[in-house]
Amino acid sequence: SRRKEGSRTTRDSFTDEAIAFMEKKREEPVFVYLAYHAVHSPFEAKPELVTKYKQKGGGDAEYAATVEAVDQNVGRVMAALKRLQLDENTLVVITSDNGGNRRNTASLRSGKGSLYEGGIRVPAMVWGPGLGVKAGLENDEAILSMDFYPTILEMAGLKPDPAHKLDRVSFAATLRGGSSPGREAVFWHFPCYIGGGGPSSAIRKGDFKLIEFFEDRRVELYNLAADPGENEDLALSLPAKAKELYGDLQSWQRETGPPP
């Protein structure tokens with residue numbers, strides 16, 4: 001929806017509802033999943049913020065204005081946690097569902113709808129000082145959105161429901177300054193044309209990432225440590241590494257049975 005109320009946006013309304021829910025349930029354990037449409041086109045930018053960024057001479061004022069509006073609403077949530085005295089026992093996770101539009105992903109390749117890094121690499125921030133999250137900690141190991149469920153359970157001191165099959169891992173120990181999950185590989189599967197990327201599957205194992213394109217079954221191999229922009233395909237120059245990762249990817253496909 002792009003419905004506006006004066007200079008208000010749906011983001012403001014979502015935040016209002018989230019804060020009202022926290023106020024109502026402040027004496028109970030709560031989970032709030034606050035999924036803003038932004039930053040996503042079509043942008044719902046506040047006119048006063050668009051004017052601000054146009055005056056700065058930026059080339060994408062609507063995008064910048066929408067980013068700031070998200071920041072403002074995240075700030076409102078954080079202020080509400082402090083006001084309600086919930087900040088010492090609350091875990092806050094901020095992330096995105098997939099990569100950005102291609103105008104705003106440089107120097108990463110491509111964007112939303114693609115399994116190149118511009119389509120899947122997003123920031124993730126976790127805050128929870130009262131739960132032992134170490135301040136200022138940085139970690140560049142890849143995590144997936146599916147990891148948040150077991151991580152939140154562990155941070156809350158809860159055991160997973162035996163009926164739930166957890167296909168990902170908790171990184172709670174990492175947040176507290178301990179070791180990383182240390183899994184061997186992570187996988188992505190995107191069998192559609194949304195965003196123009198084309199049906200594909202990918203595996204990242206250590207520094208290397210291999211992408212399989214379903215239309216012609218070709219593969220591309222990249223060393224993300226040396227080439228995060230994925231400019232040099234190493235599939236032909238490193239055939240043994242390409243074969244290794246392709247075999248791992250095919251094994252994962254057989255084991256999990258993702259849709260073609």
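Keep in mind that this is a model prediction, so the values were computed, not measured.
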Sub-3.5 Å donor-acceptor pair from the side chain of [X] to the main-chain atoms of [Y], do we have one?
X: R11; Y: E44; result: yes
X: E141; Y: G182; result: yes
X: N98; Y: G119; result: no
X: N104; Y: N101; result: no
X: R176; Y: L131; result: yes
X: D227; Y: N231; result: yes
X: S200; Y: G198; result: yes
X: D207; Y: A225; result: no
X: N73; Y: V70; result: no
X: S114; Y: S110; result: no

**Message:** For H189 and F214, I'd like to know if the aromatic rings sit close, meaning centre-to-centre distance below 6.0 Å.
**Reply:** yes
Does [X] [atom1] have over 12 foreign heavy atoms under 6.0 Å away?
X: Q250; atom1: CD; value: yes
X: E48; atom1: CD; value: yes
X: E138; atom1: CD; value: no

**Asked** How far apart are the C-alpha atoms of E154 and T151, what are their side-chain angles, what is the distance that settles it, and do they pass the side chain to side chain contact (heavy atoms under 4.5 Å, CB included) test?
**Response** CA-CA 5 Å; E154 184 173 348; T151 301; 6.0 Å; no
Would you say [X] and [Y] are hydrophobically clustered, going by side-chain heavy atoms of ILVMFWY under 4.5 Å?
X: V219; Y: I211; value: no
X: V77; Y: V32; value: yes
X: M78; Y: V133; value: no
X: V186; Y: L115; value: yes
X: F31; Y: L153; value: no

Taking the side chain as C-beta and beyond, is there a heavy-atom pair between [X] and [Y] under 4.5 Å?
X: Q72; Y: V74; answer: no
X: R183; Y: D147; answer: yes
X: F21; Y: V30; answer: yes

**Request:** Tell me, with the steps shown, if E23 and R26 meet salt bridge (Lys or Arg N to Asp or Glu O under 4.0 Å).
**Result:** CA-CA 5 Å; E23 290 173 340; R26 63 181 298 181; over 6 Å; no
[X] versus [Y], closest heavy-atom pair with distance:
X: L221; Y: A242; result: CD2-N, 3.8 Å
X: N89; Y: L86; result: OD1-O, 2.9 Å
X: T174; Y: L137; result: O-CD2, 2.9 Å
X: I143; Y: A124; result: CD1-CB, 4.1 Å
X: M22; Y: A80; result: CE-CB, 4.2 Å

Distance in Å, [X] [atom1] paired with [Y] [atom2], rounded so as to fall on 0.5 Å steps:
X: K54; Y: L49; atom1: NZ; atom2: CG; value: 12.5 Å
X: I120; Y: T105; atom1: CD1; atom2: OG1; value: 12.0 Å
X: I203; Y: W188; atom1: CD1; atom2: CH2; value: 9.0 Å
X: L84; Y: K82; atom1: CG; atom2: NZ; value: 12.5 Å
X: I194; Y: F190; atom1: CD1; atom2: CZ; value: 5.0 Å
X: D140; Y: L224; atom1: CG; atom2: CG; value: 11.0 Å

**Message:** Please evaluate residues K46 and E68 with respect to the criterion salt bridge (Lys or Arg N to Asp or Glu O under 4.0 Å), reporting the C-alpha separation (whole Å), side-chain torsions for both, the decisive distance (0.1 Å), and the verdict.
**Reply:** CA-CA 10 Å; K46 294 183 177 183; E68 179 170 338; over 6 Å; no
**Asked** Salt bridge or not for R218 and E220, using N-O below 4.0 Å?
**Response** yes
**Prompt:** Which class fits the ring pair F148 and F171: parallel under 30°, tilted 30 to 60°, perpendicular over 60°?
**Reply:** perpendicular
**Item:** Parallel, tilted or perpendicular, as decided by the 30° and 60° cut-offs, for the rings of H37 and H40
**Value:** tilted
**Request:** Could you walk me through whether M125 and T95 pass side chain to side chain contact (heavy atoms under 4.5 Å, CB included), step by step?
**Result:** CA-CA 6 Å; M125 297 169 281; T95 190; over 6 Å; no
**Message:** With salt bridge (Lys or Arg N to Asp or Glu O under 4.0 Å) as the rule and sequence neighbours excluded, what pairs involving residues 103-129 come up?
**Reply:** D60-R103, E117-R121, E117-K209
Is there a donor in the side chain of [X] and an acceptor in the side chain of [Y], or the other way round, less than 3.5 Å apart?
X: Y53; Y: E62; result: no
X: N139; Y: S180; result: yes
X: T10; Y: Y36; result: no
X: E212; Y: S201; result: no

**Request:** Go through the steps to decide whether D248 and R204 satisfy the test salt bridge (Lys or Arg N to Asp or Glu O under 4.0 Å), and finish with yes or no.
**Result:** CA-CA 10 Å; D248 292 341; R204 176 169 178 175; over 6 Å; no
**Request:** Verify side chain to side chain contact (heavy atoms under 4.5 Å, CB included) between L91 and W127, making sure each step is shown before the conclusion.
**Result:** CA-CA 6 Å; L91 187 74; W127 179 91; over 6 Å; no
**Message:** Pair I19, R76 - check side chain to side chain contact (heavy atoms under 4.5 Å, CB included), show working.
**Reply:** CA-CA 8 Å; I19 292 174; R76 290 179 59 206; 4.1 Å; yes
**Prompt:** Which is it for Y193 and E215 under the side-chain hydrogen bond (donor to acceptor under 3.5 Å, both in side chains) test, yes or no, and what are the steps along the way?
**Reply:** CA-CA 11 Å; Y193 289 93; E215 290 180 322; 2.7 Å; yes
**Complete:** Contacts satisfying ring-ring contact (aromatic ring centres under 6.0 Å, His included) that involve residues 219-260 (not counting sequence neighbours) are F187-W252
